[in-house]
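From a predicted model like this one, the values you see are computed outputs, not experimental measurements. Just so we're on the same page: letters track the sequence lines, and every chain starts at 1.
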There are 2 protein chains.
Amino acid sequence: MTISEENYLKIIYLLSENTSKEISTNAIADMVKAKASSVTDMIKKLANKELINYEKYQGVTLTELGIYKAKIIIRRQRLWETFLVDKLNFSWDEVHEIAEELEHIKSEKLINHLDAFLNFPRLDPHGDSIPNQDGIIYESQKVLLSEADLNKKYICVGVKDTSSHFLKFLDNKKITIGTIIEIIERENYDNTLIIKIENTTTTISNKIASNLYINNTDPNQLLITN
Amino acid sequence: MTISEENYLKIIYLLSENTSKEISTNAIADMVKAKASSVTDMIKKLANKELINYEKYQGVTLTELGIYKAKIIIRRQRLWETFLVDKLNFSWDEVHEIAEELEHIKSEKLINHLDAFLNFPRLDPHGDSIPNQDGIIYESQKVLLSEADLNKKYICVGVKDTSSHFLKFLDNKKITIGTIIEIIERENYDNTLIIKIENTTTTISNKIASNLYINNTDPNQLLITN
DNA sequence: TTATTTTTTTAGTTTTGCCTAAAAATAATA
DNA sequence: TATTATTTTTAGGCAAAACTAAAAAAATAA
Ligand SMILES: [Mn+2]
Ligand SMILES: [Mn+2]
Ligand SMILES: [Mn+2]
Ligand SMILES: [Mn+2]
């Protein structure tokens, strides 16, 4: 697979996670930052390689093979992100671009040795699950902060939006993975939340809250095991 | 710079190390495994970017800028090779291919952090010097085993040929970096050497001996500091 | 010095991944 | 349902990096 093919495949996989419907040409075009006509070209190529199912004008879905290959690319991306943060002291908002390149280095041995070197991490710096070498993902239980209850303590376990813009914003608000968050109040009109982080209260919009994942198990128990 | 441009530039640099003359189109073609006509195309492009000096039919030399850029690519290659061997437990004959890809990841911060993580190594797994971030190389004193004297103890400090074929051969002969070698006899006809490694003697051809670097300082002193 | 061989360059193609502009199909709205 | 708007595909092109075949220049040998 070429770098471009791998990028398309990964993006189709990520788009498929949020929906059970076919993925549209335009949705892919937006993500890969190319024109729809270029996407049509690539779709045909991936369909010929039996990585996606494609019917003209009907969008695409991944085949079993496509899903597996996509997971391996995501495994590489997330392991490299973990390496950059844990070993090379990068911050979580700096790793995306570099991992976007590193994920295309083709050596199974490299990635499996890297996995071992990092001690087989299950989550990347953004709280996303790292598939194992068979493409199996052990998904951790998580829920969006926007869906959480009032007056319970939660732990931030991940972000949905991994753009450096959003991550820097979270740094400013002193929110990162592991941060304990409690919802004090929910504004009914626009679902703005007033939250408490370490005895200071802040206001966050619904857009922010629906890009933050929290654990959905009993918070006291988790605090102990943490 | 594209990956291809970087590969050409690096190879022109490495060819220049062995000669003060211009580098020929065919010499480059051999190394990059492309046809001479393809090399001519690329040469023109590199000349336009002022990375090499080029006169039709006269071969090429690197400009100051070209030398610097080539050294930075070599720095990246050798740091990644060191990472693979020191951190991911690869053997010295397995790293070339992978580093050949990794060297093209474009992030100065990445490579400088990697350098720090590895503790600013001065030599890669094959005994080659790693340029610093300014492209400065502190060349260690070394000499080919084929030029060495009889009945002195030397330490193997590097290899000239880094092909996995040669490196595996050396593994078989129990020769690696740090191995103490003594020349017992030199056959005048073809310069075959009888050498002693840890009390066992072996015969090695001149071709082997002229691809092995040894220290050329006082061996006893080095044994202490080792 | 002339003839032959080797090296290098030019000319013309191919493939990959992108593009624009226009046509065709589908979806939305009146 | 007919019209309009949006989405997707087709057609034709471009740049990068490779190729083959042929021409031109340089090097070597007779
Ligand atoms: Mn990528
Ligand atoms: Mn991530
Ligand atoms: Mn390379
Ligand atoms: Mn090396």
message: When you compare the side chain of A/Trp92 with that of A/Thr162, does any pair of heavy atoms fall below 4.5 Å?
response: no
- request: Would you mind reading off the distance between A/Tyr57 atom OH and D/dA5 atom C1', rounded to a whole angstrom?
  value: 15 Å
field: Spacing between A/Met42 atom CE and C/dC19 atom P, to the nearest angstrom
entry: 11 Å
- line: Per atom distances to the A/Thr2 side chain, the nearest of C/dT8, D/dT9, C/dT16 is C/dT16
message: Is A/Tyr8 close enough to C/dT16 that one of its side-chain N or O atoms is under 4.0 Å from OP1 or OP2 there?
response: no
task: Compare side-chain N and O positions of B/Asn26 against OP1 and OP2 of C/dT8 and report whether any pair is under 4.0 Å apart.
output: yes
B/Lys35 side-chain N/O to D/dA18 phosphate OP1/OP2 under 4.0 Å: no
- request: For a salt bridge (charged side-chain N to carboxylate O under 4.0 Å, His left out) with B/Arg76, tell me which candidate from B/Glu103, B/Glu6, B/Glu81 qualifies.
  value: B/Glu6
query: Of A/Ser4 and A/Lys56, whose nearest nucleotide on DNA chain C comes first from the 5' end?
result: A/Ser4
statement: Under a 3.5 Å limit on both distances, the Watson-Crick or wobble mate of D/dT6 is C/dA25
- prompt: Mind checking whether B/Trp80 and B/Phe83 have parallel, tilted or perpendicular rings, split at 30° and 60°?
  reply: perpendicular
message: I need the CD-P distance between A/Gln58 and C/dA24, as an integer number of Å.
response: 18 Å
query: Between the side-chain atoms of B/Ser37 and the base atoms of D/dT20, is any donor-acceptor pair under 3.5 Å?
result: yes
A/Ser38 vs C/dC18: side-chain N/O to OP1/OP2 distance below 4.0 Å: no
message: Applying a 4.0 Å non-hydrogen cut-off, can you work out what B/Ala36 is touching in the nucleic acid: base, sugar-phosphate, or nothing?
response: base
A/Phe117 and B/Phe117 aromatic ring geometry - parallel, tilted or perpendicular at 30°/60° bounds: perpendicular
- prompt: What's the NZ-C1' distance between A/Lys44 and D/dT8, to the nearest Å?
  reply: 10 Å
message: Distance check needed: D/dA18 P versus B/Glu5 CD, whole Å only.
response: 10 Å
